[in-house]
Protein chains: 2
Amino acid sequence: MATLAEIAKKAGVSSAVVSRIVNNDTSLRVSEETRSRVKAIVREMNYAPNVAAQSLRSSKSGTIAFVVHDVANPVYGEILRGAQEEAERQNRAILLGDAAVGGVSNSRLAQMIGGGGVDGLILQAAGLQADNMIFKAADKNIPVVLLQSAFGTDGHLIQLPDTEAARMATQHLWDLGHRKIGCLATTEGLTFTRDRLRGWRDVVGADVDDSLIVFSSPLAVEGEAAALKLFARHPDMTAMVCFNVIAAVGALRAARARGISVPEELSIISIHDVKFAGDLWVPLTVVRMPLSTLGEAAIKAVCKTEPAGRMREVVDAHPTLVLRASTCPPQR
Amino acid sequence: MATLAEIAKKAGVSSAVVSRIVNNDTSLRVSEETRSRVKAIVREMNYAPNVAAQSLRSSKSGTIAFVVHDVANPVYGEILRGAQEEAERQNRAILLGDAAVGGVSNSRLAQMIGGGGVDGLILQAAGLQADNMIFKAADKNIPVVLLQSAFGTDGHLIQLPDTEAARMATQHLWDLGHRKIGCLATTEGLTFTRDRLRGWRDVVGADVDDSLIVFSSPLAVEGEAAALKLFARHPDMTAMVCFNVIAAVGALRAARARGISVPEELSIISIHDVKFAGDLWVPLTVVRMPLSTLGEAAIKAVCKTEPAGRMREVVDAHPTLVLRASTCPPQR
DNA sequence: CGGCATTGGTAAAGCGTTTTACCAAAGGCG
DNA sequence: CGCCTTTGGTAAAACGCTTTACCAATGCCG
């Protein structure tokens with residue numbers, strides 16, 4: 001690895017000159033001959049500036065930590081993809097964290113967050129204990145952006161139009177004629193869960209029976225269990241809103257297990273689309289939101305938010321209804 | 001952000017002492033009283049060592065670059081998940097790269113790879129130009145691990161038992177009685193594509209008609225197009241091996257579009273399992289391989305490989321046949 | 001009481017950049 | 001010829017940490 005000093009010696013100049021040439025410092029006055037000689041040597045020796053030294057000097061790492069829950073979940077994959085694209089534009093690299101993986105608290109990632117190794121932190125669907133650790137590590141020193149769910153009152157929260165999406169999904173069922181509409185919600189207490197519940201209530205009525213709500217993490221097995229619970233409670237339920245596609249897949253399994261035909265006996269609509277939603281056993285009708293836009297917005301925000309800033313932002317994008325085959329008017 | 005020097009001043013000792021206490025340097029002889037006083041101040045001031053400085057001093061970043069193609073692809077998601085877990089154990093953080101995102105060549109990630117900002121590089125090569133750029137950036141200075149596909153003759157290649165998996169898949173069809181078995185392969189020229197083709201040939205015969213092979217990237221649309229091509233060429237084909245699940249989903253779409261029933265008129269088997277494979281329109285029979293183990297192995301390897309080392313390694317894991325509903329004996 | 005070992009530390013270099021402040025030499029002008 | 005300006009740079013500090021080599025004071029032994 002060539003260093004600035006080596007280049008400088010070879011070119012017979014000081015390392016300051018080399019640095020300033022490499023960085024296109026316009027305030028440097030240097031002869032055209034020297035400049036091109038230095039440039040040639042830089043290229044020839046394949047010089048690349050040492051990022052640790054740059055980072056130490058400038059207190060900027062060019063890196064952003066992005067902590068999700070379960071990388072393997074395609075929904076998060078989409079968000080990450082959008083984040084990647086924006087990070088590229090902002091010339092930042094993304095340090096990936098998975099809060100589902102044990103011991104995040106004293107992981108290298110946490111060390112980096114606490115030790116100035118990242119310029120910002122994006123925390124998705126905060127709510128777990130691990131999130132707390134990570135959040136604390138940031139300790140008011142770097143901008144923190146919370147995705148989809150707030151963490152107490154701190155940080156910069158970015159959301160999708162969750163209430164609107166849930167309202168749209170529920171309204172679709174209502175318009176088809178359904179009146180007993182269950183709700184397979186996401187994890188209890190998260191901001192977007194609360195917002196979507198509000199959207200659901202806007203349609204079914206504020207005085208609705210709360211036993212129509214059941215919570216589930218975004219895993220198919222959990223969604224299945226939750227759906228079964230709902231079937232048991234309300235055998236006369238004719239439709240269901242799922243706040244998560246993966247949980248909706250679980251609901252589909254539950255319906256099949258109970259011999260309930262979808263959509264004839266039970267209509268299912270879900271929030272968020274994934275690529276395979278139309279290839280499922282019953283192609284899922286969904287309300288789609290631009291997940292990659294959310295990732296993009298997160299990076300944008302983290303690049304210009306102040307440390308310890310707090311605000312709330314809803315991505316400017318309209319949910320769209322994607323009609324497939326999992327909903328129809330009630331048959332009984 | 002507290003620094004070592006600040007702590008030292010407050011404790012009335014030199015920063016060397018603080019550093020050595022923080023790092024549990026056993027060769028340091030210090031009074032118990034001083035030690036606990038320093039420790040108390042460290043905690044109180046919430047000290048976290050500056051990672052840039054550590055990195056500069058030690059020439060180790062504690063970071064590994066992991067470059068995949070398309071984070072949103074669930075197959076890569078699984079690999080990443082395994083990598084995350086192992087990275088946690090090795091106390092390393094993962095810098096995520098997506099080679100599908102434009103301009104990787106002069107991205108921050110590439111700068112970090114070239115500038116000592118990562119301790120190793122894991123590259124899931126797909127024959128893209130971007131791969132080349134990234135690979136070159138590493139420039140013999142850090143260990144490079146290639147996943148699933150080699151890059152010329154350099155680097156440390158890690159694979160799954162691809163030939164065996166393809167053989168197993170094809171054999172399953174053969175045993176059911178199929179004799180005209182198409183092959184929807186992955187991108188041409190990649191190591192694992194070649195290996196799987198070998199497995200396929202092992203069963204169908206080395207002298208088989210090459211027009212039974214069609215290549216596709218791991219996208220459903222591409223898989224669909226490729227499958228249609230195959231249908232047109234060989235209307236009498238009764239079974240198909242897909243080297244990628246996502247492409248297999250495309251094949252399913254193609255069959256539906258052509259009114260070909262699966263599995264009665266066409267059996268489909270795929271390599272690699274994903275969580276929703278059993279929830280598809282036709283539940284896919286697959287040969288499963290441990291994707292997360294591959295991710296794990298990659299991290300392990302990159303942590304102990306020499307820079308510029310080269311070798312080839314096959315993950316020690318046996319593919320297993322997962323029977324679902326997309327295969328049956330030929331009906332004609 | 002002189003010499004030696006132990007205790008409890010310290011000083012300083014060095015990792016590679018960036019940046020501010022400074023400066024010698026040459027040329028131009030009166 | 002003396003002074004000023006421009007050209008073409010340079011010197012050195014600072015970022016925060018780690019580590020090697022060194023050392024003063026004290027206690028102990030003979």
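In what follows, every chain begins at residue 1, and chains take the letters A, B, ... in the order their sequences are listed. We use all heavy atoms of the structure for the numbers below, so side chains are in, but hydrogens, waters and symmetry mates are not. Fair warning: this is a prediction, and the values are worked out from it, not measured in the lab.
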Point to revise | Min side-chain heavy-atom separation A/Tyr47-A/Val18 under 4.5 Å | key: no
**Study point:** Interface residues of residues 28-38 of chain B with DNA chain D (non-hydrogen, below 4.0 angstrom)
**Key:** none
Review point. So, the side chain of A/Asn50 versus the backbone of A/Ala52: is there a donor-acceptor pair under 3.5 Å, distance only?
Key: yes
**Study point:** Contact pattern, 5' to 3', of nucleotides 24-29 of chain D - B, S or - by protein heavy atom under 4.0 Å
**Key:** ------
Practice item. Give a yes-or-no answer on whether the side chains of B/Gln148 and B/Gln124 include a donor-acceptor pair shorter than 3.5 Å. Key: yes
Point to revise | More than 12 heavy atoms of other groups within 6.0 Å of B/Lys136 NZ | key: yes
Study note, to complete from the structure: By side chain to side chain donor-acceptor pair (under 3.5 Å), A/Ser217 pairs with (sequence neighbours left out) A/Glu222
Review point. Would you call B/Lys10 and B/Glu6 a salt bridge, using N to O less than 4.0 angstrom?
Key: no
Review point. Are B/Glu296 and B/Arg89 within salt-bridge range, i.e. N to O under 4.0 Å?
Key: yes
Check your understanding: Under 3.5 Å, is there a donor-acceptor pair between the B/Arg108 and B/Gln111 side chains?
Key -> yes
Review point. B/Ser107 and A/Arg92: side-chain donor and acceptor closer than 3.5 Å?
Key: no
Practice item. Report, as a single string ordered 5' to 3', how protein heavy atoms within less than 4.0 Å touch nucleotides 11-19 of chain D: B base, S sugar-phosphate only, - not at all. Key: B--BBBBBB
Review point. For B/Asp119, which residues count as a side chain to side chain donor-acceptor pair (under 3.5 Å) partner, sequence neighbours excluded?
Key: B/Ser61
Review point. First and last nucleotide of DNA chain C in contact with chain A, 5' to 3', at under 4.0 Å to a heavy atom: what are they?
Key: C/dG16 to C/dA21
Practice item. State, without any angle test, whether A/Glu86 and A/Gln90 hold a side-chain donor-acceptor pair at a distance under 3.5 Å. Key: yes
Check your understanding: Side chains of A/Gln84 and A/Arg81: donor-acceptor distance under 3.5 Å anywhere?
Key -> no
